[in-house]
Amino acid sequence: MAPNGTSAVGAQPYTEEQLDFCRRLPKVERHAHLNGSVRQSTLQELYKKTSEGTSTSSAASVAIAKGDTRNLSEMFAVFGVVHHVVRGAELLTRVTREVLEDMSADGVVYAELRTTPREHQDVGLDKRAYIEAVLQGIEEHRRLAKDGVCIARLILSIDRKDPVTVAEDTVNLAIEYSNRGVVGLDLCGDPALGWGRWRQDWEPAFERGRKQAGLKVTLHAAEMAGMDEEMADMLAWGPDSLGHVCFLSPGEELRLFESRTPVELCLSSNVLSKSVESYSAHHFGRFLERGHPLAICTDDVLVFSSPLSREYALAMSTFGLDEAKVTDLARDAFETSFLEKGRDYNEVLARLRAPS
Ligand SMILES: CNc1ncnc2c1ncn2[C@@H]1O[C@H](COP(=O)(O)O)[C@@H](O)[C@H]1O
Ligand SMILES: [Zn+2]
């Protein structure tokens with residue numbers, strides 16, 4: 001790619017050398033939604049087999065490029081396109097394996113995948129089978145990977161649009177699978193649909209997962225304006241990590257800095273969904289300046305067409321980081337992860353510390 005060539009997201013501000021460095025750099029992915037990270041060619045292939053026939057336009061429309069007029073709420077419709085075709089245990093296992101293969105090829109050595117357990121009634125899949133199919137994909141990748149393994153753990157997501165009974169179910173499942181690869185719980189979904197429910201619905205559910213099984217908790221937070229009250233309540237409770245945090249008032253931002261709660265920052269996701277005006281205006285700059293614990297992440301590589309190496313290259317060029325700083329960022333991201341101490345932890349650490 002030419003230094004100033006164009007792609008789905010417009011002119012590239014980084015050089016070929018920067019991108020190449022970021023590709024080779026061993027990295028950690030902490031915020032990737034499984035169905036938002038499905039390989040584009042797989043989605044197209046699955047779409048062709050449906051009753052919609054040979055049209056691939058629906059599959060193609062999941063990619064959001066610069067200039068796309070969809071806002072954050074409209075963007076959530078794209079996940080319906082993926083959920084429509086990724087059905088059944090076999091496909092869930094396959095897409096999980098492929099996501100990890102793609103990450104591994106991009107230099108990711110450890111990934112926390114997150115997904116919302118769903119029933120696929122038409123193919124007789126219940127939520128337990130859903131989770132087992134995803135865990136099987138992680139296991140298959142590990143067994144079959146030829147060019148380096150991306151070690152992975154699973155986080156179960158609770159969608160803000162669902163009733164609290166669904167959240168309770170998900171917590172039960174996360175507890176059940178907590179010694180089999182599930183390390184945490186997440187609050188996700190369209191913030192416009194389910195805010196104002198933190199204290200009553202979500203906090204008790206997450207608290208139970210944390211108390212009963214030591215599960216870690218990450219929350220999509222301040223994804224739209226006017227969520228200060230929820231943010232204050234979340235911080236008072238004390239999550240292990242927070243995603244996005246785009247719309248913080250100066251007071252809440254200060255409180256977050258003081259709490260030292262790690263943040264998962266997704267530059268392209270925020271710029272392309274118009275939560276943040278431009279790369280240079282991204283709050284990544286302020287968090288970096290404060291030395292706040294953070295991890296650069298992709299969110300939904302299928303939708304935003306930007307793998308982790310590219311997100312690092314964008315941060316590198318936009319904020320003038322040298323190779324040593326970018327290397328530190330990748331290592332620091334691991335410090336914020338949910339991976340338990342043990343053999344895998346030591347393996348990831350060794351790969352992150354290996355001289356490049
Ligand atoms: C843009 N930022 C975002 N903010 C909030 N939630 C998001 C998201 N991107 C994805 N999801 C959540 O992840 C689900 C798809 O993956 P899974 O089916 O769970 O694997 C979406 O339905 C949405 O709830
Ligand atoms: Zn997300």
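Counted by atom type alone, Thr42 and Glu98 present one or more donor-acceptor pairs between their side chains at under 3.5 Å. Of the N and O atoms on the side chains of Glu132 and Gln136, not one donor lies less than 3.5 Å from an acceptor on the other residue. In summary, the side chains of Asp106 and Ser309 do present a donor paired with an acceptor at a separation below 3.5 Å, with no hydrogens or angles considered. Glu203 and Trp198 are linked by a side-chain donor-acceptor pair at a separation below 3.5 angstrom, with hydrogens and angles left out of the test.
For the atom pair Asp299 CG and Leu265 CG, the distance stands at 11.0 Å (nearest 0.5 Å). For the atom pair CG of Asn270 and CD of Glu277, the computed distance is 13.0 Å after rounding to the nearest 0.5 Å.
Under a hydrophobic-cluster definition in which Ile, Leu, Val, Met, Phe, Trp and Tyr are linked whenever side-chain heavy atoms come within less than 4.5 Å, directly or via other members, Leu100 and Leu339 are assigned to different clusters. Residues Tyr312 and Val301 fall into different hydrophobic clusters, defined by Ile, Leu, Val, Met, Phe, Trp and Tyr side chains chained together at heavy-atom separations under 4.5 Å. Following chains of ILVMFWY side-chain contacts shorter than 4.5 Å, one cannot reach Leu329 starting from Val28, and the two form parts of different hydrophobic clusters. Under the 4.5 Å side-chain heavy-atom criterion for ILVMFWY residues, a single connected hydrophobic cluster contains both Phe79 and Leu113.
The pair Asp122-Arg87 counts as a salt bridge, with a side-chain nitrogen and a carboxylate oxygen less than 4.0 angstrom apart. Residues Arg160 and Asp190 are not paired through a salt bridge, judged by the lack of any N-O separation under 4.0 Å between the basic side chain and the carboxylate.
Nearest heavy atom pair, residue His282 against residue Cys266, reads NE2-O, 4.0 Å. In terms of heavy-atom proximity, Ala63 sits nearest to Asp68 at O-OD2, 4.2 Å. Between Cys188 and Thr116 the shortest heavy-atom distance is SG-OG1, 4.2 Å. Shortest non-hydrogen contact noted between Thr261 and Pro239 is CG2-O, 3.5 Å. Asp322 and Lys325 get closest at one heavy-atom pair: OD1-N, 2.8 Å. Looking at every heavy atom in both residues, Glu223 comes nearest to Pro191 through CB-CG, 3.7 Å.
When hydrophobic side chains of Ile, Leu, Val, Met, Phe, Trp and Tyr are connected at separations under 4.5 Å, Val183 ends up clustered with Ile155, Phe338.
Although no hydrogens or angles enter the test, the distance criterion places a donor-acceptor pair under 3.5 Å between the side chain of Gln18 and the main chain of Thr15. Judged by distance alone, with hydrogens and angles left aside, the side-chain atoms of Thr298 form no donor-acceptor pair with the main-chain N or O of Leu308 at under 3.5 Å. The main-chain N or O of Arg331 is never found under 3.5 Å from a side-chain atom of Lys27 such that the two would form a donor-acceptor pair. Of the possible donor and acceptor atoms, one in the side chain of Asn71 sits under 3.5 Å from a partner among the backbone N and O of Glu74. Side-chain atoms of His283 come within 3.5 Å of backbone N or O of His244 as a donor-acceptor pair. At least one donor-acceptor pair closer than 3.5 Å links the side chain of Asp240 to the backbone N or O of Val217. Under a 3.5 Å cut-off, the side chain of Ser178 and the backbone N or O of Ala213 do not form any donor-acceptor pair. The main-chain N or O of Tyr47 is found under 3.5 Å from a side-chain atom of Thr50 such that the two form a donor-acceptor pair. Side chain of Asp159 to backbone of Lys161: a donor-acceptor contact under 3.5 angstrom is found. Here the side chain of Asp126 pairs a donor or acceptor atom with the backbone of Ala129 at under 3.5 angstrom.
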- Task: Walk me through it: do Arg208 and Glu168 pass the test salt bridge (charged side-chain N to carboxylate O under 4.0 Å, His left out)?
- Result: CA-CA 9 Å; Arg208 197 164 62 78; Glu168 292 296 348; 2.7 Å; yes
- Query: Can Asp228 and Ser249 be said to form a side-chain hydrogen bond (donor to acceptor under 3.5 Å, both in side chains), step by step?
  - Reply: CA-CA 7 Å; Asp228 255 23; Ser249 64; 2.6 Å; yes
- Item | Full working for salt bridge (charged side-chain N to carboxylate O under 4.0 Å, His left out) between Arg197 and Glu230 | CA-CA 8 Å; Arg197 295 170 62 190; Glu230 182 186 85; over 6 Å; no
- Test side-chain contact (heavy atoms from CB on, under 4.5 Å) applied to Leu302 and Gln40, step by step: CA-CA 6 Å; Leu302 169 71; Gln40 172 74 243; 3.7 Å; yes
- Task: May I have the step-by-step check of salt bridge (charged side-chain N to carboxylate O under 4.0 Å, His left out) for Glu258 and Arg255, ending in yes or no?
- Result: CA-CA 5 Å; Glu258 283 164 359; Arg255 242 199 280 206; over 6 Å; no
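With Arg153 as the fixed residue, the salt bridge (Lys or Arg N to Asp or Glu O under 4.0 Å) test singles out one of Glu340, Glu29, Glu112: Glu340.
Looking at heavy atoms from C-beta onward, His141 lies in side-chain contact with Cys150 at the 4.5 angstrom threshold. In this structure, Ser273 and Ile64 have side chains that are not in contact, with every pair of non-hydrogen atoms separated by 4.5 Å or more. Contact of the Met231 side chain with the Leu256 side chain is registered, since non-hydrogen atoms from C-beta on lie closer than 4.5 Å. Annotation: side chain of Asp344 is not in contact with side chain of Tyr110 (no heavy-atom distance under 4.5 Å). Between His120 and Tyr130 the shortest side-chain heavy-atom distance falls below 4.5 Å. No side-chain heavy atom of Glu139 sits less than 4.5 Å from a side-chain heavy atom of Leu135.
The aromatic rings of His31 and His33 stand perpendicular to each other, their planes meeting at an angle above 60°, with 30° marking the opposite boundary.
In this structure, Arg199 forms no cation-pi arrangement with Trp237, as its terminal cationic atom is not both closer than 6.0 Å to the ring centre and no more than 45° off the ring axis. Relative to the ring axis of Tyr345, Lys341 places its NZ or CZ within 45° and under 6.0 Å from the centre.
Aromatic ring centres of Phe319 and Tyr279: separated by at least 6.0 Å.
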